[in-house]
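Written out below as structure tokens is the structure these notes cover.
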Amino acid sequence: MSDSRKNNMVRKTIIYVILGIMVIIMMVPFVWMVLTALKTNQEAISVDPFYILPSSGWHWENFKKVWETYNFPTLYLNTILMIVLRVVCACLTATMAGYAFGRLEFPGKKILFSLVLIQMMIPAQIFIIPQYLMVSKLGWTNTVMGLLFPGMVTAFGTYLLKTAYQGLPRDLEEAARIDGCNIGQTFLYVMLPLTRSGMISLGIFTALFAFKDLMWPMIVCTNSDTTTLSAGLAKMQGQYGSDYPSMMAAAVLAIVPMIVIYIIFQKQFVEGIATSGGKL
Amino acid sequence: MKENAKKKMSIGKKKEAIWGLAFIAPTMIGLFVLNFYPMINTVYQSFCKTGDFGRGNIFVGLANYKAVLTDPITWQALWNTVKYSLIEVPLGVTISMLLAVLLQQKIIGKSFFRTIFFLPMVCAPAAVAMVWKWLYNQQFGLLNNIFHTDVAWISNPNIAWISVGVIGVWSIIGYNMVLFIGGLQEIPKDYYEAAEIDGATGIKQFFHVTVPLLSPTTFFIVQTRIIGALTVFDLMFMVMDKTNLALNKTQSIVYLFYTQAFTNGNRGYGAAIVMVLVVFIMIVTFILQKAEKRFVFYN
């Protein structure tokens, strides 16, 4: 008895040690980023390992400096606008198409849906050059419309919500139809509210994807006033790469909002990723 | 009477078809404009040269392909991409599987660990890469400082691809882990009980019960990660400067595409690189489909 308890203790200890080491590995970059952001450049490049903490006080003014010189309010605004527009567009178009593909019969359904699947299988890089040429023809470079452009519709979201609609029971829809709802009303008042969790997954997925994307904003929004946080960071690094505290302060400012949102809506994030799977 | 009912049904069907087509219209029009037309256009452009001032495409036949395929940089970039994938995918998958299994045990603080491991997933890769670049800094970086080494982590051509691969692994394990946890929860408990009666516990149980029953999830993750790794861009772009000595030995094929198509404005050449990438990914996908039948255990 005591032997097996001892065994169990050893096992648990090993598990905690492994997890502990992993926590350290995962956290070191974050901790180092914040600590560097609070140092002077002199301290940051001091090679003495004892100066892990900022020695001349915590330089919170680094954040203020970065905030002002790199135009962070505009970067935040652009990023938020792009995310909101993309999420709204994706959810709106994909929920309608998902309902039609999952619930309605119409000519050409199979072929059209196979097109949706084909889009999902093709590497997105193949779309980029012509998409950029279209944006520049429309005069949308350096605008929010340009940032939104490739995200106006979503094959992946259509697929995701089609699956969600297919999983709903038939009787509800039939009951609504008997009560005199037309297809539009049935969709809007009965079916749509039931796919809430699918919509949340799609929303989180779309928001994260847009937030993390680097290549597209770098291509369409080359001005530092019109671009997003990701592309803005790339620009800053190119220009001021050796001012380490400023770079780290900028990185912190770019990721903190999403981390806060993640910690608040953790359950939805994890479930959203688990159900939407892949493609990120 | 019967005739009437049939007619009514067909009116209903017609209505349904109209609603259906109307509902898919925005998505399908969007897909045609944003994806299918560009797809064809990229194929077309890969046979063209951009004229002066970026106007007009001049047909040049296979010249771009010839240039791309005879340039050793292309093959090097393709090989770099494969090397990156050979680090990111196996390590990213095994470490995250191990973590998911450990988090299935009866331990305290599960959600704390999960939150921490998942954190890189909600961070912009641009920011992540900046921090790692700073950690890797040869003169002032934390790594060389702690280990009292003087390694050029990201500018030594023999090491840089590993250093970038490590960032890739660090960034992805939380995401893979969440998918593995989902897969683990679908394994019925009786399998473990049966294994315990047969005397299989701990590591034996892991290899004889967990690994085979988890194989559909594992395959799914491996497949999506291979495609993801083969199209890696953000980390590479942020870590590897244009002036980096190790650039040629490290840059991925998508990085090369970006440089050619957008930095140098060489769209036809860039389009040809994309076509090489697409063919390569199609071959890999085909092999994976074959492998699925052999290695995946479906219940």
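Scope of the values below: all heavy atoms of this structure, side chains included, with no hydrogens, waters or symmetry mates.
- When all heavy atoms of B/V33 and A/M134 are compared, the closest pair comes out as O-CE, 3.2 Å.
- Among B/T115, B/V43, B/D241, B/L103, the residue making the largest number of heavy-atom pairs under 4.5 Å with chain A is B/T115.
- Using a 4.5 Å cut-off between heavy atoms, B/W132 touches chain A through its side chain atoms alone.
- Two residues are said to be in side-chain contact when any heavy atoms from C-beta on lie closer than 4.5 Å; A/I129 and B/P38 fail this criterion.
- Considering CD1 of A/I45 and CH2 of B/W134, their distance stands at 7.5 Å, rounded to 0.5 Å.
- Comparing B/L119, B/V122, B/T42 by heavy-atom pairs within less than 4.5 Å of chain A, the highest count is held by B/V122.
- Open room surrounds OH on A/Y159; 12 or fewer heavy atoms of other groups in view lie less than 6.0 Å from it.
- For chain A, no part of B/Q223 is nearby; none of its heavy atoms comes within less than 4.5 Å.
- A search for salt bridge (charged side-chain N to carboxylate O under 4.0 Å, His left out) contacts involving B/D234 returns nothing, not counting sequence neighbours.
- For B/N144, no part lies under 4.5 angstrom from a heavy atom of chain A.
- The distance from atom CH2 of B/W19 to atom CD1 of A/I183, rounded to the nearest 0.5 Å, is 7.0 Å.
- Taken to the nearest 0.5 Å, the OG1 atom of B/T231 stands 9.0 Å off from the CE atom of A/M215.
- Closest non-hydrogen pair, A/Y16 versus B/I108, comes out as OH-N, 2.8 Å.
- For the salt bridge (charged side-chain N to carboxylate O under 4.0 Å, His left out) condition, the pairs that include at least one residue of residues 230-244 of chain A, sequence neighbours left out, are A/K65-A/D243.
- Most heavy-atom pairs under 4.5 Å with chain B: of the set A/I15, A/T93, A/L19, A/V23, this distinction falls to A/L19.
- Across B/I281, B/V178, B/I95, B/I107, the residue that shares the most heavy-atom pairs under 4.5 angstrom with chain A is B/I107.
- Using a 4.5 Å cut-off between heavy atoms, B/A25 makes no contact with chain A at all.
- A distance of 11.5 Å separates OG1 of A/T36 from CE of B/M130, quoted to the nearest 0.5 Å.
- If you measure heavy-atom distances from B/E16 to chain A, the contacts under 4.5 Å come from both the backbone and the side chain.
- Your options are A/M27, A/K12, A/Q125, and the one with the most heavy-atom pairs under 4.5 Å with chain B is A/Q125.
- The shortest side-chain heavy-atom distance between B/N35 and A/I126 does not fall under the 4.5 Å cut-off.
- For A/R103, the salt bridge (charged side-chain N to carboxylate O under 4.0 Å, His left out) partners are A/E173, not counting sequence neighbours.
- Closest approach of A/M96 to B/P26, counting heavy atoms only: CE-CG, 4.2 Å.
- Rounding to the nearest 0.5 angstrom, the gap separating the NZ atom in B/K106 from the CG atom in A/N8 is 9.0 Å.
- The shortest non-hydrogen separation linking B/M121 to A/L208 is O-CD2, 4.0 Å.
- Within the 4.5 Å cutoff, side-chain heavy atoms of A/Q266 are placed close to those of B/R114.
- The distance from atom CG of B/L102 to atom CD1 of A/I14, rounded to the nearest 0.5 Å, is 10.5 Å.
- Formation of a donor-acceptor pair under 3.5 Å by the A/Q237 side chain with backbone atoms of B/M238 is found in this model.
- Counting heavy atoms of neighbouring residues, nucleotides and ligands inside a 6.0 Å radius, atom CD1 of B/I203 does not exceed 12 of them.
- Without hydrogens or angle criteria, A/S230 side chain to B/A126 main chain gives no donor-acceptor distance under 3.5 Å.
- No other option in A/M26, A/E105, A/Q131 has as many heavy-atom pairs under 4.5 Å with chain B as A/M26.
- Other residues, nucleotides and ligands contribute over 12 non-hydrogen atoms within 6.0 Å of the CD atom of B/Q105.
- B/L277 touches chain A through its side chain: at least one heavy atom from C-beta onward sits under 4.5 Å away, while N, CA, C and O do not.
- Relative ring orientation between B/W170 and A/F30 is described as tilted, the plane-to-plane angle lying within the 30° to 60° band.
- Of the listed residues (A/M218, A/M33, A/M152), the greatest number of heavy-atom pairs within a distance under 4.5 Å of chain B belongs to A/M218.
- With contacts defined as side-chain heavy-atom distances shorter than 4.5 Å, the pair B/P125/A/L214 does not qualify.
- Other residues, nucleotides and ligands place more than 12 heavy atoms under 6.0 Å from the NZ atom of B/K242.
- Contact between A/P123 and B/V278 at its shortest, heavy atoms only, is CG-CG2, 4.1 Å.
- A/M22 is not listed as a side-chain neighbour of B/I116, based on a closest heavy-atom distance of 4.5 Å or more.
- Of all heavy-atom pairs spanning B/F237 and A/A234, the tightest one is CE2-CB, 4.2 Å.
- Side-chain atoms of B/F262 and A/I128, non-hydrogen and from C-beta on, do get closer than 4.5 Å to each other.
- For B/A271, the parts lying under 4.5 angstrom from a heavy atom of chain A are both the backbone and the side chain.
- Remark: the backbone N or O of B/L21 is not paired with any side-chain donor or acceptor of A/K109 at under 3.5 angstrom.
- Using a 4.5 Å cut-off between heavy atoms, B/I173 contacts chain A through its side chain alone, with no backbone atom that close.
- For the pair B/I181 and A/V270, the minimum side-chain heavy-atom distance is 4.5 Å or more.
- Inter-residue side-chain proximity for A/F127 and B/L34 is flagged as unmet; no heavy-atom pair is nearer than 4.5 Å.
- Contact annotation for A/I261: neither backbone nor side-chain heavy atoms come within less than 4.5 Å of a heavy atom of chain B.
- If you measure heavy-atom distances from A/L92 to chain B, you find no contacts under 4.5 Å at all.
- When the shell of 6.0 Å around CE of B/M282 is examined, it contains 12 or fewer heavy atoms from other residues, nucleotides or ligands.
- Residue with the most contacts toward chain B among A/Y99, A/F269, A/F211: A/F211 (heavy-atom pairs, distance under 4.5 Å).
- Most heavy-atom pairs under 4.5 Å with chain A, from the set B/F118, B/F112, B/F32, B/Y37: that is B/F118.
- Looking at B/M28, the atoms closer than 4.5 Å to chain A (heavy atoms on both sides) all sit in the side chain, from C-beta outward.
- The contact between B/F117 and chain A is made by backbone and side chain atoms together, counting heavy-atom distances below 4.5 Å.
- You'll find the ring centres of B/F23 and A/F106 outside the 6.0 Å limit.
- Within residues 245-253 of chain A, the residues that have a heavy atom under 4.5 Å from a heavy atom of chain B are A/M247, A/M248, A/A251, listed by number.
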